[in-house]
Amino acid sequence: MDYSIEGRHYKTRVPIRVEIKEGLISKVEQIEKCDNLAILAPGLVDLQVNGFQGIDFNEAHTKKEDVTEVTQSLWNVGVTSYFPTVITNSDSSISGSIRTILEACSADSLVDQTIKGIHLEGPFISKEPGPLGAHPVAFVQKPNWELFCKWQDQAEGKITLITMSPEWPGSADFIRKCVASGVKVAIGHTAATPIQIKVAVAAGASLSTHLGNAAHVMLPRHTNYIWEQLANDQLWCSCIADGFHLPSAVLQVIFKVKSDKCLLVSDSTKFAGLSPGSYQSPIGGEVVLNEDGRLSLKENPELLAGSAKSLLDCVEFLVAHNLLSLADALDMASINPIQYLNPSTNPGLTTGAKADLLVLNQQKDEITLLKVFKSGKQVYSA
């Protein structure tokens, strides 16, 4: 079905008409006037989703129907593309999570279009407390190419992003093989030295996963892995801007230094959207979700256990605290992730792009989602 949507461009606020044909944007044109004050924006893209609203991709009992439910719940908060994130676990548990995600993609074409790839976060990460984060240390291991290929075969090539630490011997060779096979490599959960980070980037690592988090509580003030990644112009970086993972001042510095190479992720867990309380989690064991939405390990409250916020919450936080304009925050949560994954694409409100669209209102600091379209199909309405 061909149709059009009218509203105000999220960057210019100029009235526009977006024509949609066969799931793609066929035309974007400026119009003289528009009675609709709603803002038109590209759908959000989240490269790090561990789970949402009571469902976790890393739990053994998660079924393909649960993956579909998460996908639908994410549509309701503006996420039109995402990477289910499989974290450090036993080899068989990782295989099981991958199989479940693949089953959901096979069962529903719109779910398959929404799940752009799988993010494997671990198990080739640091064992050190702090960089380890909430990952189970018992399952951390050195990079293993044969094991990764086994998982990739099970994923039918859908593992598109892997987060690992280059502190392990043989990391550079592993990175080169990943990149040659079309997999993006991110540095994260790391205690790597500056030299190890330089070698990793030279081998093809291209992203810093949630820079500034999964780190030691105390670091040397000059020589450390955060400065090294921040200073490297070849590295993109992802940030969790939920108000808890990074102070506003740190976010401001990252945005200034990385500029167009910065993207937002939610790092959401199954506790996103749930009531405050104590819960048992596959990521870190017993965790506490407080009244403000901060999720931490019960035994070590200094350490966060992922996020309980959505990507739209992160956009809203940045706008409400005057850290970014709505347009810039939306770009970091939509355009930038797609351009990181495939620089040759031209995403957003452009002719030929996927018709992944948001219709929203902004009243001061509050953002209200009105409609969401995935591949031209309306998947949410307020």
Side-chain angles (χ1 to χ4, degrees), residues 5 7-11 13 16 18 20 23 25 36-53 55 67-85 110-111 113-116 238-243 263-269 272-274 293 307-320 323-341 347-350 353-382:
I5 308 171
R8 300 182 183 277
H9 196 288
Y10 74 107
K11 285 190 172 182
R13 303 298 172 101
I16 58 170
V18 177
I20 297 169
I25 295 175
N36 182 8
L37 293 177
I39 298 166
L40 299 184
L44 306 184
V45 180
D46 197 339
L47 301 189
Q48 197 162 357
V49 178
N50 305 286
F52 202 72
Q53 289 190 343
I55 296 169
V67 178
T68 299
E69 185 177 331
V70 169
T71 304
Q72 293 167 343
S73 297
L74 289 171
W75 289 336
N76 297 345
V77 291
V79 176
T80 55
S81 298
Y82 77 101
F83 279 26
T85 300
L110 209 55
V111 170
Q113 292 173 52
T114 304
I115 294 176
K116 288 288 188 183
S238 68
C239 293
I240 308 168
D242 61 354
L263 54 96
L264 302 179
V265 293
S266 69
D267 197 21
S268 67
T269 61
L274 300 187
S307 167
K309 298 289 187 179
S310 72
L311 195 55
L312 188 61
D313 290 328
C314 294
V315 169
E316 196 167 39
F317 172 83
L318 293 172
V319 175
L323 298 175
L324 288 177
S325 67
L326 177 61
D328 287 344
L330 286 170
D331 277 350
M332 283 193 187
S334 62
I335 305 295
N336 291 10
I338 294 295
Q339 289 186 329
Y340 165 67
L341 293 171
L349 303 185
T350 57
K354 276 276 189 185
D356 294 351
L357 303 169
L358 308 183
V359 183
L360 52 90
N361 273 335
Q362 181 186 14
Q363 295 289 337
K364 294 185 179 179
D365 299 336
E366 189 175 341
I367 299 167
T368 305
L369 205 55
L370 303 178
K371 294 179 182 179
V372 178
F373 296 84
K374 174 62 195 176
S375 298
K377 180 180 179 182
Q378 185 171 312
V379 291
Y380 170 80
S381 174

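These figures come from a predicted structure and were not determined experimentally.
Not a single side-chain hydrogen bond (donor to acceptor under 3.5 Å, both in side chains) links Ser238 to another residue, sequence neighbours left out. Shown here are the side-chain contact (heavy atoms from CB on, under 4.5 Å) partners of Thr80, two or more places apart in sequence or in another chain: Asp356, Val372, Lys374. Qualifying salt bridge (charged side-chain N to carboxylate O under 4.0 Å, His left out) partners for Asp267, counting only residues two or more places apart in sequence or in other chains: none. Not a single side-chain contact (heavy atoms from CB on, under 4.5 Å) links Gln363 to another residue, sequence neighbours left out.
Listed by first and then second residue, the salt bridge (charged side-chain N to carboxylate O under 4.0 Å, His left out) pairs that reach into residues 36-48 come to none, sequence neighbours excluded. Residue pairs satisfying the salt bridge (charged side-chain N to carboxylate O under 4.0 Å, His left out) criterion with at least one member in residues 323-334, sequence neighbours excluded, are listed as follows: Lys11-Asp331.
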Legend entry - CA sep, side-chain torsions, deciding dist, call: Leu44, Leu330, side-chain contact (heavy atoms from CB on, under 4.5 Å): CA-CA 7 Å; Leu44 306 184; Leu330 286 170; 3.9 Å; yes
Legend entry - Test side-chain contact (heavy atoms from CB on, under 4.5 Å) applied to Val70 and Gln53, step by step: CA-CA 7 Å; Val70 169; Gln53 289 190 343; over 6 Å; no
Inset, instruction - Take Phe317 and Leu264, measure what side-chain contact (heavy atoms from CB on, under 4.5 Å) needs, and give me the verdict at the end. - result: CA-CA 12 Å; Phe317 172 83; Leu264 302 179; over 6 Å; no
Inset, instruction - Apply side-chain contact (heavy atoms from CB on, under 4.5 Å) to the pair Ile115 and Val67, showing each step before the final yes or no. - result: CA-CA 10 Å; Ile115 294 176; Val67 178; 3.8 Å; yes
Inset, instruction - Kindly indicate, with the supporting measurements, whether the criterion side chain to side chain donor-acceptor pair (under 3.5 Å) is fulfilled by Ser73 and Asn76. - result: CA-CA 5 Å; Ser73 297; Asn76 297 345; 5.2 Å; no
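Taking CD from Gln48 and CG from Leu311, the interatomic distance works out to 11.0 Å, rounded to the nearest 0.5 Å. One finds the CD1 atom of Ile367 at 5.5 Å from the CG atom of Leu312 (value rounded to the nearest 0.5 Å).
Within the 3.5 Å criterion, the main-chain N or O of Ser266 finds a donor-acceptor partner in the side chain of Ser307. When atom types are taken as modelled, the side chain of Ser268 and the backbone of Lys309 share no donor-acceptor pair closer than 3.5 angstrom.
Nearest heavy-atom pair across Gly376 and Ile20 is CA-CG2, 4.0 Å. Between Ala355 and Ile25, the closest heavy-atom pair is CA-CG1, 4.0 Å.
Of the options Val18, Leu360, Leu357, a side chain to side chain contact (heavy atoms under 4.5 Å, CB included) to Leu40 is made by Val18 and by none of the others.
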